[in-house]
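Only one structure is covered here, and it is reproduced in the block below.
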Amino acid sequence: MSGALKDKFAIVGVGLLAGRFEDRSFRTLQTEAARLAIEDAGLAVNDVDGAIDLKIAPGAGDVPSPTDAFPRVLGLPCRMFFQVSRGGTASIVGVLAATKFLELGMANYVVLASGTKDYSRSRVARRTGNTSIGVMERAGYWGKPFGDLAAMSHHTFFAARHMHEFGTKKEQFGEISVAIRGWAQSNPLAQFHGRPLTLSEYMDAPPLVWPYNIFDACVVSDGGFAIVLTTAERAKDLARKPVYVSGAGVGEAMGQLWWDKANYTRLAVQTARETAFREAEIGLADLDFAGLYDCFTAEVLFQLEDYGWCKKGEGGAFVEGGRIGPGGEVAINTSGGLLSAYHLGEQTHVAEAIMQLRGEAGERQVANARIGLVTGHGGEILSPGMCSTHACMILSN
Amino acid sequence: MSSSYPKPAIDEDNKPFWDAVRNRKFVLMQCRKCGAWYWPAAYCRNHANQPFYGSLEWREASGRGKVFAYNVHHRAFDPAFKTDLPYVYALIELEEGPMFGTNIVGCDPGDVSIGMDVEIRFIERGGALLPVFGPKG
Ligand SMILES: [Zn+2]
């Protein structure tokens, strides 16, 4: 199947808004991101004939269902529009879907856009004193009466199992948090820009949900993100250096959640990784950087193992000594990630990969960046079911 | 702001489970054809199924298991749980096979460990009876 995707489609424009936007609706943020992406590509709104709504659904739960859509707000003359969700994999699944519309000639340029108001929603929740999932999550959520009230209420099982099976230490999760916070110091958009973290500060923090403290958890953000995708052929004539989709893959563990107990120390990486790397015809050593979905610290550690930077169980030792931070051996989450920069799901990493591959990453620019990996996961199927889906995309310039 | 405990989310699929809990019984779904146990409701994975859950029925389970993973909550994301802090939320690997998410009660959070033998207990919380687990013995 190799060759069906590789470098046949390209991201030609990007729009990014991240931070605090109390006075804007998520739909307006999404629309503005779409406008920015189209402008960035050097296109007019009238050129873009396809649109996909990327539903960001971080741990906070369901996003209110829309009664309006960003293409309507923007006046986009789209021939096709639909929504994609699935935890932190929406943009990757969305890109895959969009390629088919482009291939069939049902669209020439597809804009994929998302918006989120999770920061503002979290402030409102804090004022009421109730920041639990029960306020936002759908009725079917299993764990509420047992106090399973936030993503941390069950994601901690990942860390606890890894510690139990492999002797992974609290400090080693700290190494991940500190390294990614380090990257955030050279990203002016990062929520923790100007606020570095030391390992002793990490170790001194009181537990929130043991084994995690506040530094194991991602930030929440307001913002919007959009990309314009088109064929490689059309990409050549546009304003920006194209960022090619060299490979992509998805994995799903929901068929094994309850009986394959290994799912608590690994993510559904395998089929996603194999599909994407085979398509891109590269190996791990060819990557110049990677953005690994980092809703919590253990997810980063699992992926370092699952993608093969080290063996299963050895992630803790691997991250020691700042190996994934600035100046380290491998450049992981150079934006500061979801842990320290901003939380637009996996799109945090897609945005960063585009900047790196266009040479626009400023102080944190990876020298001669040619190929990058972005990953996403999520889609909690049933509490305390884990994030069962994983997706990845290999981008190159 | 005063607050009450979240109620169990009962739907068509898990109603028999919660009906049993009200009678202090811990039930899981078992396949009549091959004996496999499921929780929550599922079609049997081992063979073709009769319409809906035709070959499965809710049966009382042993109520025994081992702690597979656990955490200790030091923050009440919902103020209703403030007086319960610190509390343990755990994944129990039931003797029958399925995993079950619930609280560990009846011991200090510091005494909980992975692999520990636990058994079913029923506690009243916010007007509902809940299936939780405690140290075996
Ligand atoms: Zn059966």
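Convention: sequence-line order gives letters A, B, ...; per-chain numbering from 1.
- At least one side-chain heavy atom of B:Met99 sits under 4.5 Å from a side-chain heavy atom of A:Tyr264.
- In this structure, A:Lys170 places its NZ atom where more than 12 heavy-atom neighbours from other residues, nucleotides or ligands lie under 6.0 Å away.
- Taking CG of A:Asp148 as the start and CG of B:Asp78 as the end, the distance is 12.0 Å to the nearest 0.5 Å.
- A pairwise comparison of heavy atoms in A:Phe157 and B:Tyr89 identifies CE2-O, 3.4 Å as the closest pair.
- With rounding to the nearest 0.5 angstrom, the CZ atom of B:Phe77 is 15.5 Å from the NZ atom of A:Lys144.
- Within the 4.5 angstrom heavy-atom criterion, only side-chain atoms of B:Tyr38, from C-beta onward, approach chain A.
- Atom CD of B:Glu12 is surrounded by 12 or fewer heavy atoms from other residues, nucleotides or ligands within 6.0 Å.
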Take A:Phe146 and B:Tyr87 through the test side chain to side chain contact (heavy atoms under 4.5 Å, CB included) and record every step on the way to the result. CA-CA 9 Å; A:Phe146 304 98; B:Tyr87 66 87; over 6 Å; no
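- Of all heavy-atom pairs between B:Leu130 and A:Pro145, the closest is CD1-O, 3.5 Å.
- At a threshold of 4.5 Å between non-hydrogen side-chain atoms, the residues B:Leu91 and A:His154 do not count as touching.
- The two atoms that bring A:Ser153 and B:Asn71 nearest to each other are O-ND2, 2.7 Å, heavy atoms only.
- No other option in A:His164, A:Met152, A:Arg161 has as many heavy-atom pairs under 4.5 Å with chain B as A:Arg161.
- The salt bridge (Lys or Arg N to Asp or Glu O under 4.0 Å) search around A:Arg181 returns none, not counting sequence neighbours.
- In this structure, NE2 on B:His73 lies 6.0 Å from OG1 on A:Thr156, to the nearest 0.5 angstrom.
- Other residues, nucleotides and ligands place more than 12 heavy atoms under 6.0 Å from the CZ atom of A:Arg123.
- Applying the side chain to side chain donor-acceptor pair (under 3.5 Å) rule to B:Asp111 yields no partners; only residues at least two apart in sequence or on another chain are considered.
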